[in-house]
Chemist: 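Have a look at this one before I ask anything.
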Amino acid sequence: MAKYIVLLGPPGAGKGTQAQIVAEKYGLAHVSSGDLFRENLKNETELGKLAQTYMKRGELVPDDVTIAMVRDRLSRLDCRDGALLDGFPRTPAQAESLAQMLQEFDGAVTLVPYISVPEEILVERLGGRWTCRANGHVFHEKFNPPVVAGICDLDGSELYQREDDKPETVKNRIKVYQEQTAPLIAYYQERALLAEIDGTKPIEDVTTELLQAIEKAD
Ligand code: AP5
Ligand code: MG
């Protein structure tokens with residue numbers, strides 16, 4: 001049975017940072033709904049334009065559109081043996097749909113690491129984040145600076161600041177997370193899949209804790 005790991009946590013918790021490291025270590029596909037929306041926006045697709053109207057306000061993109069996009073991604077060959085999901089599911093309806101689609105793919109969610117970080121830290125992390133244009137690699141001007149400012153260490157592409165990392169939008173994203181996504185903590189706890197990870201530690205320490213949780217669940 002294929003194993004799917006769901007990274008849960010508020011905006012800025014470090015989901016993308018950790019997913020990048022863990023996916024590479026295990027050769028797993030990294031499926032980030034936010035990156036998929038941003039890729040669509042870059043390619044000027046209808047989906048990208050629609051998503052942008054929600055993303056720029058820090059609101060969630062409607063469930064039907066999001067679920068269809070992730071289903072399409074998970075049905076590709078590189079996800080057949082499992083994947084690391086980052087930013088999906090984000091509502092109870094998305095979690096139910098995910099369970100159903102994975103059953104079809106002969107898989108299941110086997111672990112939900114929940115990276116917990118208090119709100120004051122999130123604001124500082126998102127305010128100093130720099131994201132790579134080509135592949136969404138993330139850096140921080142203070143906590144994880146690139147070797148050359150403005151250039152991605154991994155692929156040499158330009159680094160930019162996400163439009164939704166402005167302080168007003170960050171505030172709304174955190175509110176939306178608390179209202180619509182935080183209920184998934186209890187949802188996965190009830191299914192005995194949740195593993196809480198202390199996301200306030202340095203990046204390498206969070207990775208160590210996360211890898212321990214993954215090995216333990218195996
Ligand atoms: P998405 O792109 O998923 O954004 P998010 O969930 O708000 O999460 P972030 O990417 O902001 O944070 P992260 O946890 O990945 O942190 P990162 O590793 O970058 O979604 C964007 C939008 O798309 C949503 O608002 C919504 O509109 C839409 N969307 C996406 N998915 C959707 C869905 N399923 N349904 C509906 N709509 C959806 O780290 C942050 C910063 O901190 C970086 O600078 C990093 O270098 C630094 N950092 C990381 N870890 C540490 C550490 N341990 N110590 C110090 N600094 C650290
Ligand atoms: Mg991210």
Side-chain angles (χ1 to χ4, degrees), residues 6-23 30-41 47-48 50-71 73-74 84-95 97-98 113-119 121-132 135-146 152-153 159-166 169-182 184 197-210:
V6 168
L7 282 185
L8 194 61
K15 302 182 295 296
T17 301
Q18 297 299 331
Q20 208 174 293
I21 301 168
V22 172
H30 171 196
V31 175
S32 156
S33 41
D35 285 354
L36 291 171
F37 285 132
R38 281 183 289 277
E39 208 175 286
N40 271 280
L41 184 66
L47 173 62
L50 173 77
Q52 172 69 350
T53 61
Y54 296 93
M55 290 169 84
K56 69 176 184 210
R57 297 197 305 263
E59 306 285 339
L60 294 186
V61 180
D63 279 340
D64 54 347
V65 183
T66 306
I67 291 165
M69 175 184 73
V70 173
R71 167 184 270 281
R73 177 69 189 87
L74 288 177
L84 190 57
L85 285 104
D86 155 13
F88 182 94
R90 243 179 167 91
T91 62
Q94 291 181 15
S97 296
L98 177 66
Y114 159 49
I115 307 180
S116 83
V117 176
E119 190 164 335
I121 298 184
L122 300 174
V123 176
E124 191 188 6
R125 286 197 187 168
L126 295 175
R129 170 165 64 183
W130 289 83
T131 303
C132 121
N135 294 299
H137 298 126
V138 286
F139 297 87
H140 191 281
E141 53 197 31
K142 200 156 113 192
F143 307 127
N144 184 23
C152 177
D153 288 358
L159 299 178
Y160 74 103
Q161 291 196 286
R162 269 169 51 179
E163 196 191 335
D164 62 345
D165 282 347
K166 288 191 196 119
T169 320
V170 164
K171 239 170 111 182
N172 195 43
R173 283 163 60 200
I174 294 173
K175 182 168 166 273
V176 166
Y177 165 81
Q178 267 148 6
E179 288 169 1
Q180 302 191 49
T181 307
L184 292 183
I197 310 283
D198 177 2
T200 63
K201 294 183 187 162
I203 294 173
E204 304 72 41
D205 297 357
V206 177
T207 305
T208 304
E209 215 180 299
L210 182 58

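This is a predicted model, so every value here is computed, not measured. Start at 1 and go down the list; that is how both ligands and their atoms are numbered. When a residue number appears, it is its place in the shown sequence, counting from 1.
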Chemist: Any heavy atom of Gly9 closer to ligand 1 than 4.0 angstrom?
Modeler: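 Gly9: no contact with ligand 1 (<4.0 Å).
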Chemist: Using a heavy-atom cut-off of under 4.0 Å, does the side chain or the backbone of Ala19 touch ligand 1, or both, or neither?
Modeler: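 The answer is neither; Ala19 stays 4.0 Å or more away.
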Chemist: Determine whether any heavy atom of Arg57 lies closer than 4.0 Å to an atom of ligand 1.
Modeler: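 No.
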Chemist: Measure Thr66 to ligand 1 on non-hydrogen atoms and call it side chain, backbone, both or neither using the 4.0 Å cut-off.
Modeler: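 Looking at Thr66 and ligand 1, just side chain atoms fall under 4.0 Å.
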Chemist: I'd like to know whether ligand 1 has Gln20 as a neighbour, heavy-atom separation below 4.0 Å.
Modeler: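 Contact absent.
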Chemist: If you take the nearest heavy atom of each of Lys15, Arg90, Gln18, which one is closest to atom 1 (P) of ligand 1?
Modeler: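 Looking at heavy atoms only, the winner is Arg90.
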Chemist: If hydrogens are left out, which of Glu59, Met69, His140, Arg125 has an atom nearest to atom 25 (O) of ligand 1, that is, the closest non-hydrogen atom?
Modeler: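 Result: the heavy atom closest to atom 25 (O) of ligand 1 is in Glu59.
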Chemist: I need the contact type for Leu126 against ligand 1. Using non-hydrogen atoms and a strict under-4.0 Å cut-off, is it side chain, backbone, both or neither?
Modeler: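 It is the side chain that touches ligand 1; the backbone stays farther off.
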Chemist: Below 4.0 Å, non-hydrogen atoms only: which portion of Arg38 touches ligand 1? Side chain, backbone, both or neither.
Modeler: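 Side chain only.
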Chemist: His30: what forms a ring-ring contact (aromatic ring centres under 6.0 Å, His included) with it, not counting sequence neighbours?
Modeler: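 By the ring-ring contact (aromatic ring centres under 6.0 Å, His included) rule, His30 matches no residue at all.
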Chemist: In terms of side-chain heavy atoms, does Thr169 have a donor or acceptor partner in Asp164 at a distance below 3.5 Å?
Modeler: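 Short answer, no.
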Chemist: Applying ring-ring contact (aromatic ring centres under 6.0 Å, His included), can you list everything that pairs with Tyr160, at least two apart in sequence or on another chain?
Modeler: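 With neighbours one apart ignored, the set is empty.
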Chemist: So, is the end of the Arg57 side chain (NZ or CZ) under 6.0 Å from the ring centre of Tyr54 and within 45° of the ring's axis?
Modeler: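 Judged by the rule (NZ or CZ under 6.0 Å from the ring centre, within 45° of its axis), Arg57 counts as positioned above Tyr54.
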Chemist: Is Glu141 near ligand 1, meaning one of its heavy atoms is under 4.0 Å from it?
Modeler: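 Glu141 does not count as a contact of ligand 1 under the 4.0 Å cut-off.
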Chemist: Test your reading of the structure: does Asp35 have an N or O sitting under 3.5 Å from an N or O of ligand 1?
Modeler: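 The answer is no, given that Asp35 and ligand 1 share no N or O pair closer than 3.5 Å.
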Chemist: If we set the cut-off at 4.0 Å for heavy atoms, which region of Tyr177 has an atom near ligand 1: side chain, backbone, both, or neither?
Modeler: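 It is neither part, as no heavy atom is under 4.0 Å.
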Chemist: Would you kindly specify which portion of Pro10 sits under 4.0 Å from ligand 1, judged on non-hydrogen atoms: side chain, backbone, both or neither?
Modeler: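 Contact part for Pro10 vs ligand 1: backbone (N, CA, C, O).
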Chemist: I'd like the name of whichever of Met55, Gln161, Arg129 reaches closest to atom 9 (P) of ligand 1 through any heavy atom.
Modeler: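 Residue with the shortest heavy-atom distance to the ligand atom: Arg129.
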